[in-house]
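Chain letters run A, B, ... following the sequence lines, proteins first and then strands; every chain starts at 1. Both backbone and side-chain heavy atoms feed into the values below; hydrogens, waters and symmetry mates do not. In this text the structure is predicted, and so the values were computed from the model without any measurement.
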2 protein chains.
Amino acid sequence: MRLTSKGRYAVMALVDLARFDGINPVSLRDISLRQGISLDYLEQIFSKLRKKEIVQSVRGTQGGYILNRNAKEIKLTNIFDAVDEKVKTVQCKKDSKKGCNGKSTKCLTHNLWDELETHINNFFDKKSLDDLVKENLERRL
Amino acid sequence: MRLTSKGRYAVMALVDLARFDGINPVSLRDISLRQGISLDYLEQIFSKLRKKEIVQSVRGTQGGYILNRNAKEIKLTNIFDAVDEKVKTVQCKKDSKKGCNGKSTKCLTHNLWDELETHINNFFDKKSLDDLVKENLERRL
DNA sequence: TATAAACCTGACCAAAATAGTCAAGTATCA
DNA sequence: TGATACTTGACTATTTTGGTCAGGTTTATA
């Protein structure tokens, strides 16, 4: 059970960006250098973040990205969702109420995996980008 | 972020086995049929479970596997550990207190991933095989 | 004591997911 | 008009996953 680097990078990049929020657009190049993430890869990630209206782009020289909403309103859930980082504990379709893997009964542990998913998603629902920036500032004091 | 089927299968198989605990050894063939998991794959999984002393094998005809400890004492953590299903949220080495990815400072989100890992492991630490069997019996009433 | 059931082991392999790179743009500011 | 920075889509190498396969060994029981 591991987190993919796409999800991790997305959060890292957004925390980096959020620290300059309201001051000026932050270029991917800067984020790339500071966070050690390839520029090309960041572009892929930010394309998704923009489509989900988490960030806004500013083109041209001195351009970059800015947050599209208040950092308090951006939860980890939103970020992971944008970059297709999904919490997946079962193979079987979520919506098929009855039956797992073509069987007539739910698999013995189906409930367990549902619980696990909920447990993890709770964590993601609670944490906002703002929380992360603040925690970070505190650590530096 | 997904659970691998090795981990999922291990838990499914052990719940199946635990239901017959104390009665007689359960053959992998039976588990394979009931749970729809390939016999060869189950053998791989049980080899690991045996090495970690979660199950005991009984060879020969009428043989199979039995739990090696009380179902209450077997936590999900132990099972996942045995089959190398690890919760991994960071790439950087856990033990390097200072520095992430060769940098002099911790990455901005290092704390976050540690928290997430703890959050998930809490879930695994609490659930025992016995809990799962009981939940399953209740559901069938 | 033969034989079949069941465990045991290690090698092997295909498909999917991951983690990017690369190329060729377009927009905008100075 | 050039440099900076966003935009897009195709491509690809590597790793992980999810197994299969072949060849054992052990032991109950008929």
Side-chain angles (χ1 to χ4, degrees), chain A residues 1-13 17 20 24-52 54-66 68 80 83-92 101, chain B residues 1-13 17 20 24-52 54-66 68 80 83-92 101:
Chain A
M1 176 147 238
R2 35 194 272 282
L3 194 69
T4 66
S5 71
K6 188 168 278 184
R8 207 181 318 115
Y9 286 170
V11 176
M12 285 168 67
L17 194 159
F20 298 91
N24 43 30
V26 179
S27 74
L28 292 191
R29 191 170 158 280
D30 285 355
I31 296 180
S32 164
L33 290 173
R34 277 195 295 262
Q35 303 303 326
I37 305 169
S38 118
L39 181 58
D40 283 317
Y41 204 23
L42 275 178
E43 278 167 352
Q44 272 186 45
I45 293 170
F46 273 76
S47 160
K48 287 170 190 250
L49 292 174
R50 193 174 53 85
K51 277 171 192 154
K52 288 298 172 83
I54 290 172
V55 295
Q56 251 183 0
S57 70
V58 179
R59 301 188 78 154
T61 322
Q62 307 298 335
Y65 285 93
I66 53 175
N68 196 32
F80 284 141
V83 298
D84 304 309
E85 172 86 47
K86 290 197 186 85
V87 177
K88 239 187 125 188
T89 54
V90 279
Q91 215 88 49
C92 32
N101 306 322
Chain B
M1 175 150 238
R2 35 194 271 284
L3 193 68
T4 66
S5 73
K6 188 167 277 183
R8 205 180 321 115
Y9 285 170
V11 176
M12 284 169 68
L17 193 161
F20 299 92
N24 41 33
V26 180
S27 74
L28 292 190
R29 191 171 158 280
D30 285 354
I31 296 179
S32 165
L33 290 172
R34 277 195 297 259
Q35 303 302 326
I37 306 169
S38 118
L39 181 59
D40 283 317
Y41 204 23
L42 274 178
E43 277 170 353
Q44 272 187 45
I45 292 169
F46 273 77
S47 160
K48 288 170 190 247
L49 292 174
R50 194 173 54 84
K51 277 171 192 152
K52 289 297 171 83
I54 290 172
V55 295
Q56 250 183 0
S57 70
V58 179
R59 301 189 78 152
T61 322
Q62 307 297 335
Y65 285 92
I66 53 175
N68 196 31
F80 284 142
V83 298
D84 303 309
E85 173 87 47
K86 291 198 186 84
V87 177
K88 239 186 125 188
T89 56
V90 280
Q91 216 88 49
C92 32
N101 306 323

Does A:Q44 contact D:dT7 through a side-chain donor or acceptor facing the base, at a distance under 3.5 Å?
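No such pair is found, so the answer is no.
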
Side-chain donor/acceptor contact of A:R59 with base of C:dT26 under 3.5 Å:
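Answer yes: a donor N or O sits under 3.5 Å from an acceptor.
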
Categorize A:R8 for me: base, sugar-phosphate, or nothing, with a 4.0 angstrom heavy-atom threshold over every strand shown.
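No contact at all - A:R8 keeps every heavy atom at 4.0 Å or more from the nucleic acid.
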
Name the nucleic acid region contacted by B:Y65, choosing base, sugar-phosphate or nothing; use a 4.0 angstrom heavy-atom cut-off, strictly under.
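Touches sugar-phosphate only.
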
How close or far is atom [atom2] of [N] from atom [atom1] of [X], stated in whole angstroms?
X: A:L39; N: D:dT8; atom1: CG; atom2: C1'; result: 14 Å
X: B:K86; N: D:dT16; atom1: NZ; atom2: P; result: 11 Å
X: A:Q56; N: D:dC6; atom1: CD; atom2: P; result: 14 Å
X: A:Y9; N: C:dT18; atom1: OH; atom2: P; result: 14 Å
X: A:K48; N: D:dC6; atom1: NZ; atom2: C1'; result: 17 Å
X: B:I66; N: C:dC7; atom1: CD1; atom2: P; result: 12 Å
X: B:F46; N: C:dT9; atom1: CZ; atom2: P; result: 15 Å
X: A:K88; N: D:dT16; atom1: NZ; atom2: C1'; result: 15 Å

For B:R2 and A:E43, find the nucleotide of DNA chain C closest to each by heavy atoms; which residue's nucleotide sits nearer the 5' end?
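By nearest-heavy-atom nucleotide position, the 5'-most residue is B:R2.
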
Using modelled atom types only, decide if a donor and an acceptor are shared between the side chain of A:S32 and the backbone of A:S38 within a distance under 3.5 Å.
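No, because the side chain of A:S32 does not come within donor-acceptor range (under 3.5 Å) of the backbone of A:S38.
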
Could you tell me whether a side-chain N or O of A:R8 sits under 3.5 Å from a main-chain N or O of B:T89, the two making a donor and an acceptor?
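Flag set: sc A:R8 to bb B:T89 pair under 3.5 Å.
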
Nearest-nucleotide pick for [X], side chain only, options being [options]:
X: B:R50; options: C:dT9, D:dT20, C:dC22; answer: C:dT9
X: A:D40; options: C:dT21, D:dG19, C:dA6; answer: C:dT21
X: B:T61; options: C:dC7, C:dT21, C:dA4; answer: C:dA4
X: A:S57; options: C:dG20, D:dC6, D:dT29; answer: D:dC6

Earlier contact from the 5' end, DNA chain D, for B:Y41 and A:Q62:
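Nearest-nucleotide comparison on DNA chain D picks A:Q62.
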
Using heavy-atom distances to pick each residue's nearest nucleotide on DNA chain D, tell me which of A:M1 and A:G60 is more 5'.
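Whichever sits nearer the 5' end wins; that is A:G60.
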
Could you grab the distance from atom CD of A:Q35 to atom CG of A:D30, nearest 0.5 Å is fine?
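Answer rounded to 0.5 Å: 11.0 Å.
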
B:L28 versus B:E43: any side-chain heavy-atom pair under 4.5 Å?
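Touching, per the 4.5 Å side-chain cut-off.
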
How about B:Y65 and B:L42: do any of their side-chain heavy atoms sit closer than 4.5 Å?
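The answer is no, as the side chains (C-beta and beyond) never meet within the 4.5 Å cut-off.
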
Counting only side-chain N and O atoms of B:S5, is one of them less than 4.0 Å from OP1 or OP2 of D:dG19?
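Result: yes.
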
OP1, OP2 of C:dT21 versus side-chain N and O of A:S38: anything below 4.0 Å?
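Answer is yes, contact under 4.0 Å.
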
For the student: nearest non-hydrogen atoms of B:K48 and B:V83, plus distance:
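Minimum heavy-atom contact is CD-CA, 4.0 Å.
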
